[in-house]
Amino acid sequence: MGDKAISLVDADPELGELLDERDYEAARREALARLSRLSPGVWDATAALERDSHHRGFLIADGLMARDVDVMGRRCCELLGHGDVLRPWAWDSEGSHVQAEVGWTVLEQTTLAVLDHGLVQRIAPWPALGVELFNRGTRRAHHLAVALAISHHQRVDDRLLLTLWHLAERWGRVTPNGIVVPLPLSHQRLADIVGAHRPSVTTALGELGRGGALSRRQDGNWLLHGAPPEQLRHHKLAAALT
């Protein structure tokens, strides 16, 4: 497969941690997945489906993507990055009769490992890899459930602050000035994530900035100041701030 393929344990080192040294080396040689590279912009996920190869989905090896779901003019947004598993062309028409429009945007140069029937056969000697790929779907569901609960808070400023700390738990970096959230989060994208209108988000961000809870750096990234909200007192970055 050459440079058009990658071992799953190289694409996602956490998968390699599930194996002992001998199995890890064997998986590096044999558990090879084809690569698909995406440039920033709108992504036609339907065109990516390869029916002849019994395409199962993708593992994001690196990069950042957004999934937008629109129902009767109201939109929500999910951010996906390294380690996430997706089946972007699959919509459960049997499970929901609500009509929804789903769109995908590549926010940063992204590399996908193709999960197809051939890969399923190649990873058969290491069932832990297949189980963990399945678990990634559960992890996504958990993150979405937390985001849904946050969106039920009445105040927009509470939703924004909780959302930014929730995103920081995965993507944040500790700096001397606070926690940087290195994501392209415009006012409109934040509005789609928290379930609010953009003008309300702009107003709430201004109030949070004046209160010292956050600021925006020159590179456009958000910077969180102080400790996480009380609701997130067990946030994994909290200890780094003390």
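Throughout, numbering of the chain's residues begins at 1 and tracks the sequence. Because the structure is a prediction, the values reported are computed rather than measured. No hydrogens, no waters, no symmetry mates; every other heavy atom, side chains included, goes into these values.
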Going by an N to O cut-off under 4.0 Å, is there a salt bridge joining D116 and R34?
yes
Determine whether F58 and L38 fall in the same hydrophobic cluster, where Ile, Leu, Val, Met, Phe, Trp and Tyr are linked whenever their side-chain heavy atoms lie under 4.5 Å apart. yes
What one should report as the nearest heavy-atom pair of D12 and G83 is OD2-CA, 3.6 Å
Applying salt bridge (Lys or Arg N to Asp or Glu O under 4.0 Å) to R217 and not counting sequence neighbours gives D219
Closest non-hydrogen atoms of A11 and L59, given as atom of the first, atom of the second and distance, are CB-CD2, 4.3 Å
Q. Does a side-chain N-to-carboxylate-O contact under 4.0 Å join D84 and R67?
A. no
In short, salt bridge (Lys or Arg N to Asp or Glu O under 4.0 Å) pairs touching residues 15-31 with sequence neighbours left out are D10-R28
| said: Donor-acceptor check, side chain of H225 to backbone of A213, threshold 3.5 angstrom: yes or no? | reply: no
E132 and L18 have their tightest heavy-atom pair at CB-CD1, 3.6 Å
Check: Are V201 and L223 joined in one hydrophobic group, where the rule is that I, L, V, M, F, W and Y side chains link up if heavy atoms are under 4.5 Å apart?
Finding: no
Between Y24 and W126, is there shared hydrophobic-cluster membership here, with clusters defined by ILVMFWY side-chain heavy atoms closer than 4.5 Å? yes
### Query
Is any side-chain N of the basic residue among E14 and R136 closer than 4.0 Å to the acidic one's carboxylate O?
yes
Closer than 4.0 angstrom, basic N to acidic O: yes or no for E101 and R75? no
- Would V106 and V69 show up in the same hydrophobic cluster when neighbours are defined by side-chain heavy atoms closer than 4.5 Å? yes
Distance col, row T163:OG1 vs I150:CD1, nearest 0.5 angstrom, shows 4.5 Å
| query | Could you walk me through whether L144 and L148 pass the side-chain contact (heavy atoms from CB on, under 4.5 Å) check? | reply | CA-CA 6 Å; L144 286 172; L148 179 62; over 6 Å; no
Next on the checklist: Go through it in stages, so that I can follow the logic: the residues are L79 and W171, the test is side-chain contact (heavy atoms from CB on, under 4.5 Å), and I'd like the CA-CA distance, side-chain angles, deciding distance and then a yes or no.
Outcome noted: CA-CA 11 Å; L79 299 178; W171 279 292; 4.0 Å; yes
By side chain to side chain donor-acceptor pair (under 3.5 Å), R189 pairs with (sequence neighbours left out) none
- Message: Does the plane of the ring in W104 sit parallel, tilted or perpendicular to the ring in W43? Use 30° and 60° as the thresholds.
- Response: perpendicular
Practice task
Using atom types as modelled and distance alone, determine if a side-chain donor or acceptor of H166 lies under 3.5 Å from a backbone N or O of V146.
Solution key: no
Cluster link V114 to V120, ILVMFWY, side chain under 4.5 Å: no
Taking every heavy atom of L208 against every heavy atom of D157, the minimum-distance pair comes out as CD1-O, 3.8 Å
Salt-bridge contact R198-D192 (side-chain N to carboxylate O under 4.0 Å): no
Next on the checklist: Strictly distance-based, threshold 3.5 Å: is any side-chain N or O of R173 a donor or acceptor partner for the main-chain N or O of I179?
Outcome noted: no
I'd like to know if the side chain of R37 and the backbone of T111 have a donor-acceptor N/O pair within less than 3.5 Å. no
### Task
Give the C-alpha distance, both sets of side-chain angles, the deciding distance and a yes or no for side-chain contact (heavy atoms from CB on, under 4.5 Å) between E78 and R140.
CA-CA 9 Å; E78 176 191 10; R140 270 186 68 190; 2.8 Å; yes
Notebook entry, point to check: Judged by atom type as modelled, is there a donor-acceptor pair below 3.5 Å linking the side chain of R159 to the main-chain atoms of H153?
Noted result: yes
